[in-house]
Amino acid sequence: MRRALGATFDADLPLLLAAAVVPALTCGALIDRYAIPKILVASVLVAAACALRRRSPPPRSELDAPILALLAAAVVSALLCADPWRAWLGLERLHTWGLFGWIVCALVYWSACGAGEDFPDRLAAWLVAGSLPVSLYALIQKAGWDWNGINAAYFAQRLELRPFSTIGGTVPLGGYLAMVLPLAAFVGLRKQGRPVLRHFGAVAFLLAAAALCATRTRSAWLGALAGLAAYAVILRPRDRRVWGALGAGALACALGLAWVRAGRPTSDVERLEVWRAAAAAFGGHRLVGVGPDGFWTAYKRYRRAEILKTLDGTAGQADANNDWLQVLATLGAFGAAAYAWLHARAFLSAAAAVRAGSLTGARAAALASLAALLVFAKLNSVTWAIEFVAALLAACVFRRAATAAGRGLLNSVAMASAASAAACVCVWLAAADHAEKHGQGLRAMGRPRDSLVQLERAIRINPTFPGYRMNLDNLLFDVAESAADLETRRMLLFRATQVALEGVRRHPADPDMLALLGRVELRRHEWGKEPRLEAAVAVLEEAKRLEPNFPQLDEDLARAKALRGK
């Protein structure tokens, strides 16, 4: 018996460690200091958990079929979309809606479905423990001090001091903390266990609530309100302490919503415009959408000109600020059908478990946390860290007990291999990102030639990210402008053309790449004295077709046409 418990403990420990460590991870050696390190460590630890569990029965859950259907719809959309690189890898520095991030989360989910029977209780404690440094860091940032130089510079440019801790954004930080509150309430209010663990849960609850208030994120407060209410409905507790704690948290969320509501008119206008653009994107790509994580380019095509004036020229938007609209716009009707099936299966399964009284303890808290996410995701953006936590919690709620008669989806060897492959992909992404970070640092130090070497290296390692190409070309522009002779200038601008052309080839639907190529051709005409004006006008007009309302693009096109008219 003891040996069996020890084996379960050893197999589950990597997942528990990931639950505590992944949300708190950052890496200053990378441009993407938030997403890539989290996915890398999660992949390694999931591979370790599956390897330790290699002789266990394949895991099974209530959601296997709809998850497979959703992944299949995403694969079809990625194969048919105009930007398959972004569809597979996801938007750089986020990786939230791309296939790669989803596959890793699916591996996390199925690996957790194969954990031991005591996994939900232990997972709640580890997740709450991992929330402590996240909450503390957020409160330190709110106090005005941050050991991260980039974050400090970011705060210095904002009128409203809103922390984002290790999650990478103020709004996603609020969503993560909203999910933590029901779990911390469970750990702090449970009657079993040592008193020190209950005190630990109470402290984590208070810190998470304080950090949640500091984010001033209304959608997160609504999510927290929904999560705590769901927890109370599921438990139906008789203990007054439970009602007092849950009621205090709910009251704090309600007061915060009333306090902030009047001061966010611009945010509301922006959200409505994003929703309108998402609906327009679905209208133009009804069956398979614009491709996983393709909303960034779709928004630029479908946003209206007047919204730029309201938002002071802010042009980009990573997702639709609503999970349903995001799926409709990026995966189309087929993806939306699979997503609806996933929700229906999850709701019916959870409702049956609640009616049967089998959803208690940590599993009830996990379902409440998922309810918080369900509300939050209807109004705002999520990050990969939130998807990771949601995958672990969903496994606690929807997994099935392993039986000899049932066949699972993937065995442990297959999942360990897939997770190891995902870790290798992360190492590849991190190597390129580190070179990019080094190159940007050398440029800031006034060493453009050394910077060129590193930025070129980043593109050689990973030629798929458009941001790398834009940074390299901007540096080539600076060096070319200061070049003493015409031939050197032409050589540098020719290299900039090659960089931009390859970006257009890989991302033909990205107006940023076309606009970059247009600027290169314009500079070759102005600085290099080459007959490239017609090419510049043609490329800029194509970029304007894909992004009709962007002032900088209009200025470049107007200048090119004015030069052509002379």
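All of these numbers come straight from a predicted model, not from anything done at the bench. Side chains are part of it too, since the values below use all heavy atoms of this structure and drop only hydrogens, waters and symmetry mates.
For W85, the CH2 atom counts as loosely surrounded, since its 6.0 Å shell holds 12 or fewer non-hydrogen atoms of other residues, nucleotides or ligands. More than 12 non-hydrogen atoms from other residues, nucleotides or ligands lie less than 6.0 angstrom from OH of Y339.
Residues L212 and G174 come closest through the heavy atom pair CD1-O, 3.5 Å. Minimum heavy-atom separation, A350 to L359: O-CD2, 4.4 Å.
In this structure, SG on C396 lies 11.0 Å from CG on L367, to the nearest 0.5 angstrom. Note that CG of D323 is 10.5 Å distant from CZ of F376, once rounded to the nearest 0.5 Å.
With contacts defined as side-chain heavy-atom distances shorter than 4.5 Å, the pair W126/L17 qualifies. Side-chain contact between C81 and H285: absent, with no pair of heavy atoms (C-beta onward) separated by less than 4.5 Å. Counting heavy atoms from C-beta on, the side chains of E273 and Y299 come closer than 4.5 Å. Contact annotation: the side chain of M415 never approaches that of V46 to less than 4.5 Å [non-hydrogen atoms, C-beta and beyond]. With contacts defined as side-chain heavy-atom distances shorter than 4.5 Å, the pair V44/V41 does not qualify. Contact of the R93 side chain with the D433 side chain is not registered, since no non-hydrogen atoms from C-beta on lie closer than 4.5 Å. A heavy-atom distance below 4.5 Å is found between the side chains of S131 and Y176. With a 4.5 Å cut-off on side-chain heavy atoms, P59 and Y109 do not count as touching.
A donor-acceptor pair is defined here as one N or O able to donate and one able to accept, closer than 3.5 Å; no such pair exists between the side chain of K142 and the backbone of A211. Between the side chain of W275 and the backbone N or O of A320 there is at least one donor-acceptor pair closer than 3.5 Å. With N322 contributing its side chain and L379 its backbone, the two residues share no donor-acceptor pair below 3.5 Å. The closest donor-acceptor contact from the side chain of S61 to the backbone of L63 lies under 3.5 Å. Checking side-chain atoms of R363 against main-chain N and O of V397 turns up a donor-acceptor pair under 3.5 Å. Side-chain atoms of N380 never come within 3.5 Å of backbone atoms of V171 as a donor-acceptor pair (strictly under, hydrogens ignored). Between the E92 side chain and the G467 main chain, a donor and an acceptor come within less than 3.5 Å of each other. Within the 3.5 Å criterion, the main-chain N or O of A29 finds no donor-acceptor partner in the side chain of K437. With hydrogens and angles disregarded, a donor-acceptor distance shorter than 3.5 Å links the side chain of D293 to the backbone of L91. Although no hydrogens or angles enter the test, the distance criterion places a donor-acceptor pair under 3.5 Å between the side chain of S77 and the main chain of T330.
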Original post:
Could you walk me through whether I386 and L373 pass the side chain to side chain contact (heavy atoms under 4.5 Å, CB included) check?
Top reply: CA-CA 8 Å; I386 292 177; L373 174 61; 3.5 Å; yes
Subject >> Steps toward side chain to side chain contact (heavy atoms under 4.5 Å, CB included) verdict (Q326, W97) >> reply: CA-CA 9 Å; Q326 176 76 16; W97 296 98; 3.5 Å; yes
**OP:** Under the side chain to side chain contact (heavy atoms under 4.5 Å, CB included) rule, what do V134 and L173 come out as? Steps first, then yes or no, please.
**Re:** CA-CA 9 Å; V134 179; L173 171 63; 3.7 Å; yes
**OP:** Could you go through the side chain to side chain contact (heavy atoms under 4.5 Å, CB included) check for L393 and L127 one step at a time?
**Re:** CA-CA 10 Å; L393 295 175; L127 279 172; 3.7 Å; yes
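For R286, there are no side-chain hydrogen bond (donor to acceptor under 3.5 Å, both in side chains) partners two or more places apart in sequence or in a different chain.
The aromatic rings of H95 and F465 sit tilted, their planes meeting at an angle between 30° and 60°.
Checked by atom type, the side-chain pair D64/W110 shows a donor-acceptor distance below 3.5 Å. In this model, a donor atom of one side chain and an acceptor atom of the other lie less than 3.5 Å apart for T217 and R162.
Salt bridge K300/D512: present, at least one basic N to carboxylate O contact under 4.0 Å.
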